[in-house]
Undergrad: 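What follows is a single structure, and I will ask about it in a moment.
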Amino acid sequence: MHNGVMKAWLESSHLAGANATYVEELYESYLSDPDLVSEEWKRVFDGLPKQPQGTVEQQHSRIRDYFRRLAQETKHYSVQVSDPEVDAKQVKVLQLINAYRFRGHEAAQLDPLSLWKRPPVAELDPSFHNLTDDDMEETFNVGSFAIGSDTMKLKDIYQALNNIYTGPVGAEYMHITDTEQKRWIQQHIEPVNGRPQFTQAEKVTFLEELTAAEGLERYLGAKFPGAKRFSLEGGDALIPMTKELIRYAGSQGMREVVVGMAHRGRLNMLVNVLGKKPQGLFDEFAGKHDETWGTGDVKYHQGFSADFATQGGDVHLALAFNPSHLEIVNPVVMGSVRARQDRLEDKDGSKVLPITIHGDSAIAGQGVVAETFNMSLARGFCVGGTVRIVINNQVGFTTSNPRDTRSTMYCTDIAKMVQAPIFHVNADNPEAVAFVTRVALDYRNTFKRDVVIDLVCYRRHGHNEADEPNATQPLMYQKIKKHPTPRKLYADVLMERGEADIETATQLVNEYRDALDHGEVVVKEWRPMTMHSVDWSPYLNHEWNMEWKNQYDIDRLRELGSRLCQHPESHKLQSRVAKIYNDRVAMIAGEKPLDWGMAELLAYATLVDYGKRIRISGQDSGRGTFFHRHSVLHNQADASVYIPLKHIHDKQGPFQVIDSVLSEEAVLAFEYGYATAEPGGLTIWEAQFGDFANGAQVVIDQFISSGEQKWGRLCGITMLLPHGYEGQGPEHSSARLERYLQLCAEQNIQVVVPSTPAQVYHMLRRQVVRPMRRPLIVMSPKSLLRHPLCISSMEELAHGTFQAAIGEVDSLDPVKVKRVVFCSGKVYYDLLEQRRANEQDDVAIVRIEQLYPFPIDELQAIIAPYTNAVDYVWCQEEPQNQGAWYSSQHNFRAAIPAGADLKYAGRPASASPAVGYMSVHLKQQKALVEDALTLK
């Protein structure tokens, strides 16, 4: 482009001002790939002065000055402007720097075994950029290369680039689009020039912690040969890494750290970081256990809590319990952290830190990882960033080859979906590990975003200690057999530097072994736990049928109801929503009976009135999937929102309702984690349709139904699962009631099918007011939300209580009753309406509202007056192989009189939950109702 034309264009553009930084950023993109900038800018950069034989990219500050001069020139348009300082060689140097920032990690020395066979990266060779040996002694401007000098000889630039980007750390961050973040990372890793500085005491500490990591594994291997322990050996650096992370977090004011990890290295973490007594671990290996602790779990799934001393004060540590579903613990940890942050009013994540530790195959292979990354910045689920560590043993699980476990270069590429920086580091270099650990935490705390550390190591033994890895990985394990341990390598390095001697290294080994022999805590930073996050003692040792304060002052209830209906006059409601709120005003005035949505909101209002915290999440929770809740009011004029439940009074408890990300597994796991850390409030997860909860089945199976028995972990989470057969097809009918009933034992969960607004009101209040904390599974309705018979009075709310079973509502003569129909949920209203239409007085209908724990005493009291009834029926909408019939008929039979018959009325067994045709649905529904009511 002619310089005069360029000048005229610049003068008329926004670049005539002070936007040189913008030009520099565009130019950096152009250096990376000319196609990343617009055609107009590409022509500008292509037209810059250049050497005849070379490409025209030039050093940023000089280009910026060049643009400024062009913009300031006002005469001599016809004269060719040429800056003698703008040299193509200079530009090539900047390209070389850029290449190392983008691709240096591909040449980094990350593999401790030196088995990686990677093709050379051409862009990292100076000759690729037309830089020759003769240029090595020339001095060039380094641009934004944060090496501490504006100019350097090319040979020194080249050496520094290799030190920084191809040594034991591979920094992968140029995929981040935010320039501030990229510059921040450059300014933290480039000045170090590949040689992080630590004090003599810190280095000895790293050696001591590597000694502990190795010492525990060797001790266990000798004491319990062949026993499964999922050894950390090869990834020993995880111990000094985690402890350094905690120390550094404490020095920055963190008060709590929550860790989630699978089984690899977990025993080492328990003993050498959290301070579990070795003797306790040895007892578990020997088969000893606490008889009072449920059915228990294997030792490498156990959690633990402790306090850890740092320069900034004691930090409370919690290691989350985890099943063998390796990555499912991650959203559980996120939920637990969010609950702690909410309690501490930690709005930016500066007080509570989540750490998740992954396996290399699992982080790439399990979808919940992507779901959790996707949640990381969502308002309802963010925790201020997570430090994610990958124990990358390069083998995966048992026999896998990395080429078979993923389709990407690195197992950590999944983290790029949220533009998290990734620091790959050689686990045999503990100083590099400690360095990236500090940088990672600083990044997290600065930008409140996730960051990943890929700890590239190996696995000295097989998947477990009884495995034979040579069978499938012969070359790797021949190399491992000869490879010195991380402790031995680092001890040799320190001795070679004169920073330690053989006596010190030997003494550390002996002292640690002696400490294990004594069986007491081996972590020097361990402190007796005084920083309990929450007091669980009020919630222990309660049964489901305990007494609770169910009544509520009716005048206060009306007052709360009135406040629920208020919103600013300027807040214009959508017409249908306005009608709902007008109806609610009438309900509070006693002019209309209460419907489901109003009763539910009144339950929440009474709880926040007590100061309790309420958290509800789901894909449509603010509005309600079926347009019934409308706890969030959207202004039709400006899209602002108003939440009446946040405006009950100044001292109320917090209310939070979240329209969640489109996930079941990760979101339910998050809410489970939240509820385990916040027992005082009400934590609800609502499925969009109950059928969709099967996407979170692992959470239900591994945590919600069994966490108390396995780990002694109480949890009061509530699951609202819309359920009911309205002819909407297989995926919009059944919440799979049978699956929850199959999981029921030892009063582990509550399964409830409420049928009135008063029942849902009392059920939700009971879950908080009663101090028992066990999961509540609710088959919540759809069509009943607006059913004309599904109504309640204000008196039923204020003066009533939850009824586990509800008897006949019509005035039947008990003597005339020949048949009793048991049922739950929506089908009750179909039965009631049909019986009234038939004018029958010989069939009583009894609702079982709580299917587990089964209310046998209440049910027997209800049916006792029907002395002439010998015919009992269980009626359900679900197919015979689904619903409550198979799982609960033993309870029905136990409740009815001896010798009485129990029949089934419902749909025939089916592989699908429901039919897809409305006509077939209606025919089936009519038939099952007639079958239940017709005496034969």
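Here the structure is a predicted model, which is why all the values come from computation and not from measurement.
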Undergrad: Taking ring pair (Phe, Tyr, Trp, His ring centres under 6.0 Å) as the definition, give me every residue that meets it alongside Y610, ordered by chain and number, with sequence neighbours left out.
TA: Y552
Undergrad: Do any N or O atoms from the side chain of Q876 and from the backbone of P879 form a donor-acceptor pair under 3.5 angstrom?
TA: yes
Undergrad: Check M779 against A735 and note the closest heavy-atom contact, atom names and distance.
TA: SD-CB, 3.6 Å
Undergrad: If you measure only the distance, is there a donor-acceptor pair under 3.5 Å linking the side chains of E664 and Q619?
TA: yes
Undergrad: Only counting residues at least two apart or in another chain, list the ones meeting side-chain contact (heavy atoms from CB on, under 4.5 Å) with Q803.
TA: Q759, I806
Undergrad: Using a 4.5 Å cut-off on heavy atoms from C-beta on, say whether the side chain of M918 contacts that of H921.
TA: yes
Undergrad: By salt bridge (Lys or Arg N to Asp or Glu O under 4.0 Å), which residues pair with R623, not counting sequence neighbours?
TA: none
Undergrad: State whether the side chain of S631 and the backbone N or O of I643 hold a donor-acceptor pair below 3.5 Å, judged by distance alone.
TA: no
Undergrad: Going by the rule salt bridge (Lys or Arg N to Asp or Glu O under 4.0 Å), which residues pair with R556 if we only count those two or more places apart in sequence or in a different chain?
TA: E559, D609
Undergrad: Any luck finding a side-chain donor-acceptor pair between Q750 and Q767 under 3.5 Å?
TA: yes
Undergrad: In chain order, what residues pass the side-chain contact (heavy atoms from CB on, under 4.5 Å) check against Q652, with sequence neighbours excluded?
TA: V608, I648, H649
Undergrad: Without swapping roles, check the side chain of S705 against the backbone of I700 for a donor-acceptor pair under 3.5 Å.
TA: yes
Undergrad: Is any side-chain heavy atom of S755 less than 4.5 Å from a side-chain heavy atom of C790?
TA: no
Undergrad: Provide the full list of ring-ring contact (aromatic ring centres under 6.0 Å, His included) pairs with a residue in residues 719-758, sequence neighbours left out, each pair given once.
TA: F689-H732, F692-H732
Undergrad: Given the rule in the ring-ring contact (aromatic ring centres under 6.0 Å, His included) test, do W544 and F854 qualify, once you have shown the distances and angles that lead to the verdict?
TA: CA-CA 10 Å; W544 73 272; F854 192 77; 9.6 Å; no
Undergrad: Decide, yes or no, whether a salt bridge links D871 with K903 under the criterion of side-chain N to carboxylate O below 4.0 Å.
TA: yes
Undergrad: Excluding sequence neighbours, so at least two apart, what forms ring pair (Phe, Tyr, Trp, His ring centres under 6.0 Å) with H542?
TA: none
Undergrad: Determine whether a donor-acceptor pair (N or O, by modelled atom type, separation under 3.5 Å) exists between the side chain of R773 and the backbone of V768.
TA: yes
Undergrad: Calculate, to the nearest 0.5 Å, the distance between atoms CG and OH belonging to L633 and Y642 respectively.
TA: 8.5 Å
Undergrad: H787: what forms a ring pair (Phe, Tyr, Trp, His ring centres under 6.0 Å) with it, not counting sequence neighbours?
TA: Y829
Undergrad: Would you mind checking if R558 and E795 are paired as a salt bridge, meaning a charged N to carboxylate O distance below 4.0 Å?
TA: yes
Undergrad: Applying salt bridge (Lys or Arg N to Asp or Glu O under 4.0 Å), can you list everything that pairs with D620, at least two apart in sequence or on another chain?
TA: none
Undergrad: Drop me the distance from E738's CD to E878's CD, to the nearest 0.5 angstrom.
TA: 7.5 Å
Undergrad: Just by distance, no angles: are the side chains of R907 and Q925 close enough, under 3.5 Å, to form a donor-acceptor pair?
TA: yes
Undergrad: Output the distance between atom CG (D841) and atom OG (S811), rounded to the nearest 0.5 Å.
TA: 11.5 Å
Undergrad: Taking atom types as modelled, find out whether Q834 and E930 have a side-chain donor-acceptor pair closer than 3.5 angstrom.
TA: no
Undergrad: Rounded to the nearest 0.5 Å, how far does CG of N891 lie from CG of L859?
TA: 9.5 Å
Undergrad: Judged by modelled atom types alone, do Q840 and R835 share a side-chain donor-acceptor pair under 3.5 Å?
TA: no
Undergrad: For R766, what residues pass the salt bridge (Lys or Arg N to Asp or Glu O under 4.0 Å) criterion, not counting sequence neighbours?
TA: none
Undergrad: Table please: side-chain donor-acceptor pairs of residues 908-917 below 3.5 Å, with sequence neighbours left out.
TA:
| unit_1 | atom_1 | unit_2 | atom_2 | d |
| --- | --- | --- | --- | --- |
| S910 | OG | S912 | N | 3.1 |
| S910 | OG | S912 | O | 2.7 |
| S912 | OG | A914 | O | 3.1 |

Undergrad: Name all residues meeting the ring pair (Phe, Tyr, Trp, His ring centres under 6.0 Å) criterion together with Y761; count only those two or more places apart in sequence or in a different chain, and write none if there are none.
TA: none
Undergrad: I need the S734 OG to Q882 CD distance, nearest 0.5 Å.
TA: 5.5 Å
Undergrad: Is the shortest side-chain heavy-atom distance between V778 and M719 below 4.5 Å?
TA: no
